[in-house]
Amino acid sequence: MLTDFGIAHLLNSETHLTVTGTLIATLAFASPEQLSASTIDHRSDQYSLACTMFTLLTGTSPFAADHPGQVITGHLVKPWPSLRRTRADLPAALDQVLTRAASKSPNDRFDSCGDFAAALRRALPALVSARAHARPTMVNTPEISRLMAEFDQRGAEAKDHDLAGDTHRAVELMATLLTECTTAFGSTDSRTLTTRIAFTDYCLDTSAYLRAAYPAAGLVEDCVRVLGAQHAETLDAKYVVARLAGMSGDARRARDQLQALVAIADDVDADTLIKFRTRAAHWFGEAENYAAASDQLRSIVADSLRLLGPDHRRTLETRAYSAHSTGEAGNAEEAVSMCEAVLADYARVLGPEHPLTLDARSQLIRWTGEAGKPAEAVNLYRTLVADRSRIQGPDHPDTLDSRGGLARWTGEAGNPAEAVNLFRTVVADRSRIQGPDHTDTLNNRSWLARMTGEAGNPAEAVNLYRTVVADRSRIQGPDHTDTLDSRGGLARWTGEAGNPAEAVNLYRTLVADRSRIQGPDHTDTLNNRSRLARTTGEAGDPTEAVNLYRTVVADRSRIQGPDHTDTLNSRGAMARWTGEAGNPAEAAKQFQTLTADRSRIQGPDHTDTLDSRWGMARWTGEAGNTAEAAKQFQTLAADYTRVKGPDESDTLNSREWQAYWTGKALDAPEAAKQYRQLAFDRARVLGRDHKLTLDTRALFARWTGKAGNPAKAAEQFEILLPDQTRVLGPDHSGLYFLRSRLAYWKAEAIDLNAKVAVTDLADDPGIIVWLEMLMAAHLVGRPSPRPDRPWLSGLMTRFEPWIMDAVERRLRTAVEAQYPRLTCEFEATSLVEHLVRCARDSFDGNDMCDGKEEEWVCPDYLEYTSPFADSVRRIHKNADPKEQFLGASEWLNLTTTWPVIAYRIEDF
C-alpha cells in the first residue's frame with residue numbers, strides 16, 4: 001500500500017501526474033480541506049486513503065477529469081461516486097465504507113484510519129492489509145549536491161527577472177527548480193517549500209492561477225508542520241494561498257484569509273506588512289465595497305510613504321491599487337489623475353520602458369476610456385501596443401493584453417466591427433501562444449462574443465457565449481466568477497437577439513447563483529439584478545421593470561451609497577421604464593432630479609449628466625409639452641457641441657430630437673429647416689449612403705410636406721428613392737414606405753378643383769394607390785380610427801364622387817377577377833378595409849420616421865405570425881396597385897385563421 005499519496009505514479013492520467021514546472025503531487029487524492037486551505041488533521045489522510053482504495057479497486061480515481069479544475073471541483077462539491085458502477089461484483093457494504101471515509105466534512109468520517117481499515121476488513125474479508133513502506137532515505141548524489149549548491153543562486157536569478165518586470169521568465173525558472181527540488185529533497189523539504197511559495201506567487205502575478213493550484217495544494221499545512229505557524233515563509237504561504245482563492249473566484253475567502261493574516265503579522269518587516277495590507281484591502285473591494293477599500297488603500301499609501309519612502313516599489317504598487325479601487329468605486333476621473341501621477345513616478349524611478357511602467361500606462365488608458373474618452377483610449381493603446389511589441393516582443397503576454405485593450409476600446413469608441421476583427425486575431429494568437437484553455441484566451445473570447453453582438457449580430461454573439469460558458473465551466477468551474485460573467489453576456493445577447501423572455505429566465509437563474517456564491521449585496525449581483533429589470537421591461541412588462549429597479553436603487557443606495565455612479569445609473573433606468581410604463585410626466589420629474597444630482601456629483605458637463613438631460617427632454621415631450629422638449633433639446637445640442645464637438649453622434653442625435661419635437665410643437669417649417677441642415681451634416685460626417693443620413697433626408701422631405709409644400713416633398717422623395725434603392729437593393733421592403741410617401745405627397749399636390757379624369761392618373765401607380773385607398777375609406781363608410789390623423793377623411797371629401805365611383809369599379813373588377821369567390825360585397829369591402837387600415841398607419845409616415853422602434857398595428861392588435869410574411873411583402877414590394885390588392889387578398893385569406901397582422905417597422 002502506498003502511503004505517500006502525493007507522489008504516487010498513476011497510469012493513463014495526465015491530471016493525476018505531475019507536469020513540468022509543478023509540484024510532484026496529485027490532486028486525485030487531495031482532501032477537500034487541503035484544497036480549501038482549511039484546518040487539516042489525521043482525517044485528511046483517511047480521505048486520501050479512500051481515494052487510493054477506490055483507484056485500486058476500479059482502475060480510475062474518483063473524480064477523474066481532463067482538467068485539474070474539474071478534479072478540484074469534484075473533491076469540493078461533487079458527490080462521491082459508487083464503486084459498483086464499474087465493479088458490480090463488489091459488496092454494497094464496501095461502497096458504504098468508502099463513502100463514509102470520503103465524506104466532504106471530516107466530522108462525518110471514521111474517527112481514525114484504523115477504524116476505517118477495520119471497517120474495510122469487515123466489508124471485504126479477502127482484502128489484504130497493505131504494508132507500510134518506510135520513507136526512502138535521500139542519497140546524496142552529485143546531482144543533489146549540485147542542486148544544493150545552486151539553490152540560492154537560481155532562486156535569486158528568478159527574483160531578478162521578476163524585479164526587472166519579466167515575471168513570465170521567473171515562472172519558468174522556478175518551474176524547473178521546483179521539479180528538481182521535489183525530486184531531490186521531497187515535497188516538504190524547506191527548500192522545496194520556499195520554491196513552491198515563490199512559484200505560486202509568480203504564477204499569480206501572471207494570472208496563471210490554474211497552474212498555481214498544484215504547488216499551492218496543502219502548502220500552508222506543510223509549512224506549519226515543517227517550519228512553524230509563525231515562520232515568515234508560513235505567512236507567505238498563507239498570503240499566496242489567499243490570493244489564489246481570490247483569483248479562483250472566491251473573493252470573500254481571499255478577503256477573510258488576508259485580513260486574518262494581517263492580524264497575526266506582528267513581526268514582519270514593513271515591506272511585507274504593506275504587501276499583506278494592500279492585498280487585503282484589494283480583495284475587500286472585490287468582495288464587498290470598493291469605496292471602503294479605496295479609503296483603506298489611501299491610508300496604506302500614507303503608511304508606505306512614511307515607512308518605505310515615495311520611490312519604493314511597494315509604495316508605487318500600493319498607489320496603483322489605490323487608483324484601481326478609486327475607479328471601481330465609480331470615480332473614473334479621479335482614477336485617471338491618480339494613474340497619471342503613478343505613471344510619472346514609475347517612469348522616473350524605473351525608466352519609461354520598464355514593464356511596470358508599461359503596466360502603469362495600461363492602467364491609465366483603461367480609466368481614460370472608463371472616464372468617457374474611448375477614442376483617446378484607442379489612440380493611447382495603439383502607441384502602447386507598438387512600444388510593447390518593440391520592447392517585450394509581439395508574442396509577449398503583456399503585448400497581447402494591450403492588444404485586447406485596444407480591441408475593447410475600439411468597440412467602445414463606436415467601431416464594434418473593427419473590434420471583432422481585432423479580437424479574432426488576438427484570440428488566435430493567444431490560443432497559439434498561451435493555449436486555448438488559458439484564462440486570458442477565454443477572456444478575449446468573451447469580449448469577442450460581446451463585440452459581435454455590438455456589431456449587429458446578436459444571434460452569433462449568443463452562439464459564441466454558449467461555447468465560452470461551456471469552456472469556462474469545464475476549465476474554471478461552473479461557480480467561478482468568470483463563468484458567471486459569461487453567463488451574464490449570454491443572457492444579455494439572448495434578449496438582444498429577440499428572445500427577452502428567455503433572457504429574463506437566464507438572468508433570474510444567474511442572480512440566484514450570484515447571491516449564493518458572491519452574496520446578495522455583491523456588486524456583480526446588483527449589476528445582474530439591474531439587467532434583469534431592464535430585460536423584464538424589454539420583454540413587455542415595464543411596470544414590473546420599474547418595481548425591480550426600485551429595489552435595486554434602494555439596495556445600491558444602502559450598499560454603494562446614494563451618490564455612487566451605479567446608483568445613479570439605476571435611477572436613470574428606473575426613470576426610463578417609468579415613462580415606458582405610461583407615466584411620462586413622472587419619468588420627466590425623475591430625470592430632472594437625477595440631472596441635478598449628476599450635476600452636483602459628476603459635474604454639469606459629464607456625459608452621464610448630459611444623458612440624463614436627454615431623458616428629461618424626451619419624456620417632457622412625451623408628457624405633452626412638445627415646445628419645452630424642443631427647447632431642452634436645443635440647449636442640450638449646444639452643450640454636446642461644446643463638450644464633445646459638433647460632429648459627435650450624441651450632438652447629432654440631440655439635434656434630430658430637437659427637430660422632431662419642433663415639428664410636434666406644430667412648427668413644421670422650422671422642423672423642415674432643422675432636418676435639412678442635419679441631413680447635410682450627417683452626409684458630411686457619416687457619408688451620403690449612411691442609414692442615418694438617408695433617414696434624415698426622408699424626415700426633411702416629410703416635414704417639407706407638412707410645412708405646406710407637398711410638391712417639394714414629393715420631389716425630395718423622388719430624389720431619395722434611387723439612393724435608397726442603390727443602398728438597400730431593389731427588392732428591399734423598406735422601399736415600399738418611400739414609394740408610399742411619394743404617392744401621398746403627389747396626391748396632396750393634386751389640384752382637386754381641376755376636372756381630372758381617371759385615365760389621366762392611370763400612368764402614375766402611386767396616385768392610383770392613393771385613390772384606391774380613398775375609395776376604400778368611402779366603401780367602409782367610417783372615419784379614421786385615429787382622430788389625430790384626419791388627413792384621410794379630409795382628402796376623401798375633396799374628391800368628386802365620380803372619381804370615387806370609377807376607382808371603386810376598377811378595384812372590384814381587379815379583385816373579383818382574380819378571386820371569384822369574393823363576390824359578396826361584404827367580403828370585398830372587408831378586403832379593402834383591411835388593406836387600408838394597415839397601410840394608413842404606415843402611409844401617414846409618423847411612426848416610421850420618428851427614430852423610435854414603435855410598434856404599429858392594425859386595429860385588431862393581434863400578433864404577427866410568420867406565414868403572413870409572403871403576402872405582406874407582396875403588398876409592400878409592388879408599386880402596381882393590382883398586385884398590391886392581390887397580395888392583400890392572399891393576406892385576407894390567411895386572416896380567416898389569424899385575423900390581422902401586427903409587426904414592427906424594422907421587420908420590413
Side-chain angles (χ1 to χ4, degrees), residues 374-375 410-411 413-419 454-457 614 618 630 633-634 636-638 640-641 644-664 668-707 709 712-745 842-854 876 904-908:
T410 297
N415 196 345
E418 177 62 18
E454 300 283 359
N457 196 344
W614 188 97
R618 178 204 168 176
F633 270 116
Q634 180 181 15
L636 181 59
Y640 269 128
T641 300
K644 292 191 168 187
D647 295 340
E648 207 275 336
S649 59
D650 287 335
T651 304
L652 298 175
N653 292 340
S654 295
R655 289 173 55 193
E656 179 176 355
W657 277 90
Q658 176 192 351
Y660 170 76
W661 288 114
T662 298
K664 287 290 189 180
E670 179 61 23
K673 178 182 176 181
Q674 293 176 11
Y675 274 123
R676 181 176 183 273
Q677 185 58 51
L678 180 61
F680 279 121
D681 290 340
R682 276 187 163 156
R684 175 177 54 81
V685 176
L686 303 175
R688 181 180 177 83
D689 292 344
H690 193 280
K691 180 181 183 300
L692 290 176
T693 303
L694 297 173
D695 289 347
T696 307
R697 289 173 60 191
L699 289 164
F700 162 56
R702 176 202 172 197
W703 284 101
T704 297
K706 294 245 181 216
N709 195 341
K712 182 68 173 177
E715 177 186 345
Q716 291 297 323
F717 275 116
E718 281 186 314
I719 296 172
L720 177 60
L721 187 58
D723 290 342
Q724 286 278 33
T725 304
R726 175 171 47 81
V727 174
L728 301 177
D731 296 331
H732 195 281
S733 58
L735 298 178
Y736 170 74
F737 299 103
L738 286 179
R739 287 196 294 265
S740 71
R741 282 177 181 75
L742 175 59
Y744 170 64
W745 291 113
S842 66
F843 279 18
D844 94 346
N846 185 60
D847 291 335
M848 178 180 173
C849 292
D850 287 346
K852 299 182 290 185
E853 296 180 352
E854 293 185 354
H876 287 230
R904 287 184 178 273
I905 289 294
E906 63 265 26
D907 291 337
F908 296 94

Report the distance from atom NZ of Lys691 to atom CG of Leu728, rounding to the nearest 0.5 Å.
9.0 Å
Might you point out which heavy atoms bring Ala671 and Ala659 nearest each other, and give the distance in Å?
CB-O, 3.6 Å
I need the minimum non-hydrogen distance between Ala630 and Trp661, along with the two atoms involved.
N-CB, 3.7 Å
Anything under 30° is parallel, anything over 60° is perpendicular, the rest tilted; go ahead and classify Trp657 against Trp614.
perpendicular
Is the shortest heavy-atom distance from the side chain of Asp689 to the side chain of Arg726 under 4.5 Å?
yes
Checking Val685, Leu678, Leu686 against Thr693 for side chain to side chain contact (heavy atoms under 4.5 Å, CB included), the one that qualifies is Leu686
CD1/Ile719 to CG/Leu721 distance, rounded to the nearest 0.5 angstrom?
11.0 Å
Please indicate whether Lys644 has more than 12 foreign heavy atoms, meaning atoms of other residues, nucleotides or ligands, lying under 6.0 Å from its NZ.
yes
Interatomic spacing from CG in Asn653 to CD in Glu648 - rounded to 0.5 Å:
8.0 Å
Kindly give the heavy-atom pair with the smallest separation between Thr696 and Tyr675, and that separation in Å.
CG2-O, 3.6 Å
Do Arg682 and Arg655 come close enough that some side-chain heavy atom pair is under 4.5 Å?
no
Value rounded to 0.5 Å, distance of CG in Asn415 from CD in Glu454
12.0 Å
Gln716 side chain to Ala701 main-chain N or O, any donor-acceptor pair under 3.5 Å?
no
Atom CZ in Arg618, atom CG in Leu636: separation rounded to 0.5 Å?
14.0 Å
Do Glu656 and Leu652 come within less than 4.5 Å of each other through their side chains, counting heavy atoms only?
no
For Gln658 and Thr662, which heavy atoms make the closest approach, and how far apart are they?
O-OG1, 2.6 Å
In this structure, OH of Tyr660 is separated from CZ of Phe633 (nearest 0.5 Å) by 10.5 Å
Just so I know, are the side chains of Thr704 and Glu715 near enough to count as touching, which here means a heavy-atom distance under 4.5 Å?
no
Run Arg697 and Arg688 through side-chain contact (heavy atoms from CB on, under 4.5 Å) and show every step you take.
CA-CA 10 Å; Arg697 289 173 60 191; Arg688 181 180 177 83; 3.6 Å; yes
Between Thr651 (side chain only) and Asp647 (backbone N and O only), is there a donor and an acceptor less than 3.5 Å apart?
no
